Amino acid sequence: MKNLLKLFVLLVMLSCNKNQDETENTESKEILYKEELNKYDLVDEIQDKDTINNFRSIDLDTIKSSQIIKRNKEDFELKIYNYSLNDSSIVKNVGDDSYHVNFDIYHNRVSEIILKKNNKNIISKIIDKNNLKISNKEFNQYSIIKYTEFMFRKDGELFFESTLNVPDTDWVEKIEFSILKDNPYEIKVL
């Protein structure tokens, strides 16, 4: 009988221990489940905006003009080159909504003015948009020189007109300037 009692006590202890393990497992499963819920459902998602870069095609055209200017029976050859600087870019934010940020990326352009007499350079000046600023800061930042043309010569000064625009818009400005006869390395915006 003692043996039977010992066996009964042993079985009761084992069954209690087994029930306690199941209770702990159930509790730990509930805790894990709640952690999963907190991880996915209760935390606000932070979503990054997609960035869309619109790379504008490189303008590989070089616009050249050449003409002869007469001064006191002397002939001067004037050459103007308008070309793209492929190593410089302008980045313009063109749109922003809750899911996307749009940028236009395009290249700067310059005009090179060369005045020669007997195949010797008298003036060689590169004009970029920083030389031709207007009062609007946004235009100055995003514009490019489309081309520069010779207008006339007066009292030894050469007068030009540059056309600047902001790509993919109808915003165009024409800026007149002169190259001074006393200092051919400076320009004067008119």
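These numbers were taken from a predicted model, which means no experiment stands behind them. All heavy atoms count here, side chains included; hydrogens, waters and symmetry mates do not.
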- Query: Would a 4.5 Å heavy-atom cut-off, applied to side chains only, mark F76 and N118 as touching?
  - Reply: no
- Message: Looking at every heavy atom in both F150 and F159, which two are closest together, and how far apart are they?
- Response: CD1-O, 3.6 Å
- Treating Ile, Leu, Val, Met, Phe, Trp and Tyr as nodes and any side-chain heavy-atom pair under 4.5 angstrom as an edge, say whether Y147 and F160 lie in one connected cluster. no
- Item | side chain to side chain contact (heavy atoms under 4.5 Å, CB included) between T163 and V172, worked out | CA-CA 7 Å; T163 302; V172 177; 3.7 Å; yes
- Item | Separation of D75 CG from K116 NZ (nearest 0.5 Å) | 14.5 Å
- Message: So which atom in E173 and which in F139 form the shortest heavy-atom distance, rounded to 0.1 Å?
- Response: CG-CZ, 3.4 Å
- Shortest non-hydrogen pair, E112 vs I114, comes out as OE2-CD1, 3.7 Å
- Stepwise side chain to side chain contact (heavy atoms under 4.5 Å, CB included) check, M151 with E176: CA-CA 9 Å; M151 291 173 36; E176 295 178 356; 3.6 Å; yes
- Query: Does any non-hydrogen side-chain atom of S66 lie less than 4.5 Å from one of L78?
  - Reply: no
- Interatomic distance, N108 atom CG to S84 atom OG [nearest 0.5 angstrom]: 8.0 Å
- Message: Any heavy-atom pair between the side chains of L115 and E77 that's under 4.5 Å?
- Response: no
- Message: Set out, in order, the CA-CA distance, both residues' side-chain angles and the distance that settles side chain to side chain contact (heavy atoms under 4.5 Å, CB included) for L164 and K129, then state yes or no.
- Response: CA-CA 8 Å; L164 286 81; K129 70 178 185 177; 4.1 Å; yes
- Query: Closest heavy-atom contact between I134 and N140?
  - Reply: O-ND2, 2.7 Å
- Message: Ignoring hydrogens, what is the shortest heavy-atom contact between I122 and K117? Give both atom names and the distance.
- Response: CD1-CB, 3.2 Å
- Task: Decide yes or no on side chain to side chain contact (heavy atoms under 4.5 Å, CB included) for L158 and F152, but give the supporting numbers first.
- Result: CA-CA 6 Å; L158 303 172; F152 59 88; over 6 Å; no
- Query: Under 4.5 Å between any side-chain heavy atoms of S162 and K174, yes or no?
  - Reply: no
- Item | Heavy-atom check, side chain of Y83 versus side chain of H107, under 4.5 Å | no
- Say you draw a straight line from CG of N82 to OG of S65; how long is it, rounded to the nearest 0.5 Å? 7.0 Å
- Query: So do the side chains of F177 and I127 get within less than 4.5 Å of each other, counting heavy atoms only?
  - Reply: yes
- What pair of heavy atoms forms the shortest contact from S124 to N121, and how long is it? CB-ND2, 4.2 Å
- Could you tell me the separation between the CD1 atom of I80 and the NZ atom of K64, rounded to the nearest 0.5 Å? 13.5 Å
- If two hydrophobic side chains count as joined below 4.5 Å and joins carry through other members, does L85 share a cluster with I63? no
